[in-house]
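As structure tokens, the structure follows; a few thoughts come after it.
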Amino acid sequence: MKPKVEKALNEQIHAEFFSFYLYLSVAAYFTSNHLDGFAHWMRIQAQEEFNHAMKLFDYLNERGGTVALLPLDAPAREWPSPSAAVESVLNHEKAISARINSLVDLATAENDHATTVVLHWYVNEQVEEEATADTLYHQVKMVESSPHGLLMIDRELAGRPAPAPIDAAAE
Ligand SMILES: [Fe+2]
Ligand SMILES: [Fe+2]
């Protein structure tokens, strides 16, 4: 594997682990604000992000690359409102999508077809994650002035199932 691609994949592993950390922090924020359904949903999403990092971790190893884990910054832990917390994950997902797109450009420029194919999975995943975060953000914005509306969304989010195990996620 070319060193440029290896370095960029290590940086993406880092970005996915930071996503894991950010969703966990948002989960803690919702827990302390007694919105347990939101907290549950964010915690499940954190598990998904962990899986995204591990899928690249395994891929790098499979290709004979070296995994080099980087330090994680502390994520934000306070937001002025539930919608602001959801907006921060929405903005983060947009930034992750931009990263994935540049990674595809790099893999293509370096003629690394195997990496391009692996990254296509992430391109699709980002479409889904951005759409989900965007819908949630707008719904929370809509009801934010009424506790009743917020509690209805909270109840719905409490039902999010656990993510598929890592092997299935790697398909
Ligand atoms: Fe991710
Ligand atoms: Fe994500």
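Bear in mind the structure is a predicted one, so any value in this text is a computation, not a measurement. First listed ligand is number 1; within each ligand, the first listed atom is number 1.
- Distances from the Fe ion (ligand 2) show that E129 has an N/O/S atom below 2.8 Å.
- Contact of the Q45 side chain with the F20 side chain is not registered, since no non-hydrogen atoms from C-beta on lie closer than 4.5 Å.
- Panel note: side chain H40, backbone D36; no donor-acceptor pair is recorded below 3.5 Å.
- Rounded to 10 degrees, the ND1-metal-OE1 angle spanning H52 and E16 at the Fe ion (ligand 1) equals 120°.
- Side-chain contact check for S19 and H92: at least one donor-acceptor pair (N or O, by modelled atom type) lies under 3.5 Å.
- For a distance bound of 2.8 Å, the N, O or S atoms of E93 include one lying that close to the Fe ion (ligand 2).
- Residue contact annotation: E49 places an N/O/S atom under 2.8 Å from the Fe ion (ligand 2).
- Of the inter-residue distances, the one linking E125 atom CD with N51 atom CG reads 10.0 Å to the nearest 0.5 angstrom.
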